[in-house]
Amino acid sequence: MSNRSPPAGEVVRHRCNNRRCINPDHLVAGTQLENIEDDRDFRANGVDFALLLRG
């Protein structure tokens, strides 16, 4: 995600599950449902470091 706001109706998803992170490689736009699913997946499995390596 570049230096812009997410599209209307979307939120910024923090792939590293650190809401204070500002690394653009860790931030992606997505829906609120995807963000909730990310949180649930993190609680179950921890950080998926493979997601952080994707470009």
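These values consider heavy atoms only, across backbone and side chains, with no hydrogens, waters or symmetry-generated copies.
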Q: Roughly how far, to the nearest 0.5 Å, is the CG atom of D38 from the CZ atom of R13?
A: 4.0 Å

Q: Locate the shortest heavy-atom distance separating C21 from L27; write the atom from each residue and the value.
A: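 In this case the closest contact between C21 and L27 is O-CD2, 4.0 Å.
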
Q: Listed by chain and number, what are the side-chain contact (heavy atoms from CB on, under 4.5 Å) partners of R20, not counting sequence neighbours?
A: N18

Q: Kindly give the heavy-atom pair with the smallest separation between V11 and Q32, and that separation in Å.
A: CG1-OE1, 3.5 Å

Q: So, using side-chain contact (heavy atoms from CB on, under 4.5 Å) as the criterion, who are the partners of L33 when residues are at least two apart?
A: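 So L33 forms a side-chain contact (heavy atoms from CB on, under 4.5 Å) with T31, E37.
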
Q: Can you measure from NE2 (H14) to NE2 (H26) and round to the nearest 0.5 angstrom?
A: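 Rounded to the nearest 0.5 Å, the NE2-NE2 separation comes out at 11.5 Å.
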
Q: Say you draw a straight line from CZ of R40 to CG of N45; how long is it, rounded to the nearest 0.5 Å?
A: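 The CZ atom of R40 sits 10.5 Å away from the CG atom of N45.
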
Q: Which residues pass the salt bridge (Lys or Arg N to Asp or Glu O under 4.0 Å) test with E10, sequence neighbours left out?
A: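 So E10 forms no salt bridge (Lys or Arg N to Asp or Glu O under 4.0 Å) with any residue.
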
